[in-house]
Amino acid sequence: MTGAESELEFVGREFCAVGDCLEAARLPDGRVALRSTLTPDAPLLLVTEGEWAQFLGSVKAGGFDSV
């Protein structure tokens with residue numbers, strides 16, 4: 001993890017009851033960085049603000065319930 005990544009404020013762990021969860025942090029340019037709580041030092045997955053909004057909307061609408 002680079003110095004910039006270690007300064008990101010990831011959220012998600014506080015809602016994780018099983019130990020292997022997804023965390024997300026908003027970047028200054030609006031993108032969202034994603035990481036697993038199991039591999040916090042692995043390279044981050046970066047998505048655009050629009051991709052993140054679409055993903056959250058799909059999750060809330062049940063679009064991933066069958067996965």
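Worth knowing before you read on, the calculation uses all heavy atoms, side chains too, and leaves out hydrogens, waters and symmetry mates.
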Self-check item: L34 side chain reached by L44 side chain, heavy atoms, under 4.5 Å
Solution: no

Self-check item: CA sep, side-chain torsions, deciding dist, call: F10, L22, side chain to side chain contact (heavy atoms under 4.5 Å, CB included)
Solution: CA-CA 10 Å; F10 282 91; L22 187 64; over 6 Å; no

Exercise. Just grab all the disulfide bond (SG atoms under 2.5 Å apart) pairs involving residues 34-67, residues at least two apart or on different chains.
Key: none

Quiz item: With hydrophobic residues grouped by side-chain heavy-atom distances under 4.5 Å, do V18 and L38 end up in a single group?
Solution: no

Practice problem: Of all the heavy-atom pairs spanning E9 and A25, show the shortest one and how long it is. | Solution: O-CB, 3.6 Å

Quiz prompt | Distance in Å, D65 CG paired with S58 OG, rounded so as to fall on 0.5 Å steps | solution = 11.0 Å

Quiz item: Where the side chain of R26 meets the backbone of G30, is there a donor-acceptor pair that is under 3.5 Å apart?
Solution: yes

Quiz prompt | Cluster check V11, L56: I/L/V/M/F/W/Y, side chain < 4.5 angstrom | solution = no

Quiz prompt | Contact list for residues 28-67, test disulfide bond (SG atoms under 2.5 Å apart), sequence neighbours left out | solution = none

Quiz item: Any chain of hydrophobic side-chain contacts (each under 4.5 Å) joining W52 to L27?
Solution: no

Quiz item: If only atom types and distance count, is the side chain of T48 paired as donor or acceptor with the main-chain N or O of E51 below 3.5 Å?
Solution: yes

Self-check item: Cluster check F55, V32: I/L/V/M/F/W/Y, side chain < 4.5 angstrom
Solution: yes

